[in-house]
There are 2 protein chains.
Amino acid sequence: MTVSSPRRSATRQRLYQAAVTLFAEQGVSATSVEQIAERAGVAKGTVYYNFSSKTELFEALLRDGIEPLTAALRRSVGAAPGGALAALERMADAGLAFVAEHPDLVRLLMAEQWRSSRPWHPTLVAVRRQVAGVVREVLEDGVKSGELRADLDVELTSGALVGMVVLGALDWRTFHPERRPAEVRRAMSVVLRGQLEAAAGRNEEGRDEEGRR
Amino acid sequence: MTVSSPRRSATRQRLYQAAVTLFAEQGVSATSVEQIAERAGVAKGTVYYNFSSKTELFEALLRDGIEPLTAALRRSVGAAPGGALAALERMADAGLAFVAEHPDLVRLLMAEQWRSSRPWHPTLVAVRRQVAGVVREVLEDGVKSGELRADLDVELTSGALVGMVVLGALDWRTFHPERRPAEVRRAMSVVLRGQLEAAAGRNEEGRDEEGRR
DNA sequence: GTCTATATTCAGATAGAC
DNA sequence: GTCTATCTGAATATAGAC
């Protein structure tokens, strides 16, 4: 198995880029190979020289695109100070950044996630489990250390938190793109840290949070 | 314009049911009219007698399916006691119930939501805005009444909270269907009420919540 | 490696019998 | 109102020239 030639891998990258945009916007089935080729500036035959089928192109695209996501997640959890809530904030941050950088890929993941009985479904489920799994571990550690409440339902809560970050981020990119990343991060932080309520009985540490980082 | 005959509207209902399942599982484009007809137990021609095209069938299905959702939302906000957090909890509850009852429709909304440049996209965006809008109003009222923090970003926070509920609920139905609704509700309530942290400095009111309702 | 031309399959939509 | 039969366009995938 020889390493792909520079020329070929450049073509593949162009095809990835063209395909992910079209797939996200129209769906996989509604996108023709012709369209992908056109957008990438090559002929249809070239697509089939590089990938055996449209499905294979899509799966390769997923594998390639997901790698940076899992890498970013691992980074945000591992080497860092603070407790569980701080780790959750960093993960939310990493999620936000990923969505900002690869909005089409995330839209695609969101859309295809729920369709069982499609060839690529297992791959998507694996990604989902991996992402939610990292969050679950953080929650578990937080419970063990006593930082988080002992009766926390880590399974269901992790799913909900992932949903908050991912959909919150997509909502941002799609409907409020003029807002700055820091604003989005802060909104999520407020929910994560349980600071929705006005700080009536507590001290004023909530105001410190505004200047955080 | 005469009212549809009972026979015809029965057929339409069967077509809706067949279509929503197939659309959710395979996507709209990947589902053929033939498949829909087969599953509904009618011939393909009958589909075209009732709907002028596959797209029109899909849009009618959306309009019909969404009505109960917006109705449930209005109900859960309007006539009820308690402040903003209580209202948010009731809305989360309503969302959970809706997802439990119409999982296919919700999966479909989630999947098609992000594809601009499709005929039905405006309809889906309208639904999204409506749902998020109700949450935003509740947050705004909470801020005005002083229950919620004055500097709350109602726009971004409402998007995040909707995401938490919807994806949390879908996650539940898809990956943890054995869990009971009350467990899911409680997990979301914990996040909403900012009770992730162990109740160290506070009193034990957190334990009261377990027996809530 | 990439192109053009083409075979083949298949889905959307219609016409007309019942 | 619903069926069967059929038309038509389009999309996947291949073959072979360059």
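Here is how names work: the chains are called A, B, and so on, in the same order as the sequence lines, proteins then strands, and each is numbered from 1.
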| query | Mind checking what makes side-chain contact (heavy atoms from CB on, under 4.5 Å) contact with A:Ser145, not counting sequence neighbours? | reply | A:Glu147

| message | I'd like to know if A:Arg193 and A:Glu89 make a salt bridge, using a cut-off of under 4.0 Å between side-chain N and carboxylate O. | response | yes

| Minimum heavy-atom distance A:Val28-A:Glu112, with the two atoms named | CG2-OE2, 3.8 Å

| What are the 5'-most and 3'-most nucleotides of DNA chain C lying under 4.0 Å from any heavy atom of chain B? | C:dA11 to C:dT14

| message | Assess, by modelled atom type and distance only, whether the side chains of B:Ser29 and B:Arg118 contain a donor and an acceptor separated by less than 3.5 Å. | response | yes

| remark: By side-chain contact (heavy atoms from CB on, under 4.5 Å), B:Ser158 pairs with (sequence neighbours left out) B:Val135, B:Arg136, B:Leu139

| side-chain hydrogen bond (donor to acceptor under 3.5 Å, both in side chains) with B:Glu25: which residues, sequence neighbours excluded? | none

| What pairs with A:His176 under side-chain contact (heavy atoms from CB on, under 4.5 Å), at least two apart in sequence or on another chain? | A:Asp171, A:Glu178, A:Arg179, B:Glu155, B:Leu156

| request: Check the angle between the aromatic planes of B:Phe51 and B:Tyr16 and answer parallel, tilted or perpendicular using the 30° and 60° thresholds. | output: tilted

Can you tabulate the close N/O pairs, meaning under 3.5 Å, that link protein atoms to atoms of nucleotides 9-12 of chain D?
residue, atom, partner, partner atom, Å
D:dT12, OP1, A:Lys54, NZ, 3.0
D:dT12, OP2, A:Val33, N, 3.0

| query | Between A:Ile36 (CD1) and D:dA13 (P), how many Å, whole number? | reply | 11 Å

